[in-house]
2 protein chains.
Amino acid sequence: MIERVNVSVNGYGTIGKRVAEAISKHSKLKLVGISKYTPDQDAKLANAHGLNVFVPKDAVKSFESKGIAVHGSVDGMINESDIVVDASADGKGMQNRQSAYQPKNKNAIFQGGEDETVADVSFNARSNFEKASGKQFIRVVSCNTTGYCRLIKPLLENYKIKHINAFLIRRGADLNDAKGSALNAVEWKARSHHAHDIQSVLGDIPITSIAFKVPHTHSHINSMNILFEDGMPTKDELIDIYSKEGRVAVLNNASTSSQIVEAARDLGLPRNDTYAVSLLANTIEINDGGVFFSFSVPQESIVVPENIDAIVSQAGLMNKDESMKVTDEMIGIPNIKKNLEKIFA
Amino acid sequence: MIERVNVSVNGYGTIGKRVAEAISKHSKLKLVGISKYTPDQDAKLANAHGLNVFVPKDAVKSFESKGIAVHGSVDGMINESDIVVDASADGKGMQNRQSAYQPKNKNAIFQGGEDETVADVSFNARSNFEKASGKQFIRVVSCNTTGYCRLIKPLLENYKIKHINAFLIRRGADLNDAKGSALNAVEWKARSHHAHDIQSVLGDIPITSIAFKVPHTHSHINSMNILFEDGMPTKDELIDIYSKEGRVAVLNNASTSSQIVEAARDLGLPRNDTYAVSLLANTIEINDGGVFFSFSVPQESIVVPENIDAIVSQAGLMNKDESMKVTDEMIGIPNIKKNLEKIFA
């Protein structure tokens, strides 16, 4: 009888490193190891964390010459795995599917940087956990799409939505990115992919999105203006709905993105990760123009619990409620939510 | 018979230097001079432009010791003026009104950084030119409010607005500011003052605003989501309406704020000033969620023509259409509009 499912992480960057750590903590999962394609800082950090580092066969020497301990080949890692979490660079997931996962008949979880055609289902735990059950290929949607899904799904369960206008203020780069947005400009993308991406999870809801990229590194600041068909929530009802969501923190008094990051640092959260989407409750406006509110998305960590739940759903290890509860407890989301809500009460 | 109205500019910073230059070009106005309170770079630049520099009586020596030619005292400058354009630091306008303009019975034009109670009317040329006629104290509303008024007024003339949600992405500082926004954060202000400020010009229209401050220096990028009572414009109708507005440039293909600034630089526009609000036509969305579009506000120059028209209205020199035409031709707005529209066609 197999006790644990063998999972590897192909690509060890911003998402890969976080998902690998979460997998290694999960009682039903065993982390086979992670793959690296360039002998950089992250490869050395993987060694420092005691992870098995797998590299392409022809790259072993270049890694070892830099003092990086290599455990085996990427090919061998995939062979040892029941499931591969593909956290490689955008677009490379599709190549990996064709060159490795399909030929080897392995299950894989892709990230939101891939086109939706990479997978059988686009996944958000709160919205469609069950749909991923038994599927060979699952795509965990991107950070912003995950945030929108966590907030829209509970509204769909209670109200009839007429239209959503989504406005995204995107961070220009992550902290460790070697390049990013323009340094002194706002860039806009009308009809951004986010609307379609949200529909890939939630179905054909009426939604339009526009994205503004600005030069800062911590968190996306998103907003929604929502029109309803019959009846809309009051502010209290809205806050009540979101207060019950495990992966949504309701902050009443935050006023900058950096305050939330500073709280995460000061609370000692590993890598400053909060996982939860923060509803900025002081931005809620309800009037003839519909319901408006803003929220903060921790772009590096929000998809970590979603990746774990995708694995659990794919492998049929637990049902939705059980999986989300186990994942959340494991990475500390209930405490993070409680602390953030108290600090920004 | 008085040929020209004597006008001085009290405060020579971002707005003051631009308004002073425009006054000096106007055939009906005579620039008495400008005032400076600190012997800084701008004081030397005023000398370089050949302007009469007036300073507080007790500061003459400190200016002269830095090689700055002083023409007289601020008090004397105000005495010589029929109208004072107050372009001093936010809040100082109210002090100047009480200490100088009222006792000396002088007319004054204030800027949008002052509370609306500083003046008898909050002014936007396109929206309420006539209302300023003969008033002693006029407040030209701030840059963003000016942009919103230029775009909302033509809609009010053609449609019935149910509600406007205004969404501002503000620049963190001007280029020459010694301090500005947080360097790596987005700051939000729900229920920002802009909604009320727009109402101070346009009356009690239903509008809500939220402002996000981000770390960049060139232009505010604003958006509106507008719901209408009966019937709303098509995209073509919207573009047609704004194409006819002299102080609105309709750009089809811009995608960053910096592109517009680079065009201004490359066209040789003095101080890179465009004066016009740029409608970003590629952001227009019209659907069940109402009408959505974004626009760029050149924060340093947009209020310059408004200040000139405020003077003309106050002094009763011309009617609205004549004044706006003369002002626009004088500072080159028709050519700027034509060029920007061609470059971003």
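Side-chain atoms are counted along with the backbone in the values below, which use heavy atoms only and exclude waters and symmetry mates. Just so we're on the same page: letters track the sequence lines, and every chain starts at 1.
Looking at Leu227(B) and Leu227(A), their side chains come closer than 4.5 Å, going by heavy atoms from C-beta outward. By the 4.5 Å heavy-atom criterion applied to side chains, Thr256(B) and Val186(A) are not counted as neighbours. A heavy-atom distance below 4.5 Å is found between the side chains of Asn184(A) and His218(B).
When heavy atoms are compared at a cutoff of 4.5 Å, Ser219(A) does not approach chain B at all. Heavy atoms of Ile207(B) lying under 4.5 Å from chain A are absent altogether. Contacts of Asn287(A) with chain B are made by side-chain atoms alone, with heavy-atom separations under 4.5 Å and no backbone atom involved. Using a 4.5 Å cut-off between heavy atoms, Val214(B) contacts chain A through its side chain alone, with no backbone atom that close. If you measure heavy-atom distances from Arg191(B) to chain A, the contacts under 4.5 Å come from both the backbone and the side chain. Contacts of Asn282(A) with chain B are made by both backbone and side-chain atoms, with heavy-atom separations under 4.5 Å. Looking at Thr217(B), the atoms closer than 4.5 Å to chain A (heavy atoms on both sides) sit in the backbone and in the side chain alike. For Ile284(B), the part lying near chain A is the backbone, with the side chain staying farther off; criterion is any non-hydrogen pair under 4.5 Å. Contacts between Thr283(A) and chain B at a heavy-atom distance below 4.5 Å involve backbone atoms as well as side-chain atoms. For a residue to count as touching a neighbouring chain, one of its non-hydrogen atoms must lie under 4.5 Å from one of that chain's; by this rule Ser223(B) touches chain A with the side chain only.
The two residues Ser258(A) and Ala185(B) make their nearest non-hydrogen contact at OG-CB, 3.3 Å. In this structure, Pro215(A) and His216(B) approach most closely via the heavy-atom pair CG-CB, 4.3 Å.
Between chain B and the options Ala190(A), Ser294(A), Ser255(A), Pro206(A), heavy-atom pairs under 4.5 Å are most frequent for Ser255(A). Ranked by heavy-atom pairs under 4.5 Å with chain B, the first of Asn225(A), Ile226(A), Val261(A) is Asn225(A). Residue with the most contacts toward chain B among Ser296(A), Gly290(A), Gly289(A): Gly289(A) (heavy-atom pairs, distance under 4.5 Å). Residue with the most contacts toward chain B among Asn165(A), Ile164(A), Leu183(A): Asn165(A) (heavy-atom pairs, distance under 4.5 Å). For chain A, the option among Glu187(B), Lys162(B), Lys189(B), Gln259(B) with the highest count of heavy-atom pairs below 4.5 Å is Glu187(B).
Other residues, nucleotides and ligands contribute over 12 non-hydrogen atoms within 6.0 Å of the NZ atom of Lys235(A).
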Check against side chain to side chain contact (heavy atoms under 4.5 Å, CB included), Thr208(B) and Phe292(A) = CA-CA 10 Å; Thr208(B) 327; Phe292(A) 178 91; over 6 Å; no

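The ring-ring contact (aromatic ring centres under 6.0 Å, His included) with Phe167(A) is formed by just one residue from the set Trp188(B), Phe212(B), Phe167(B); it is Phe167(B).
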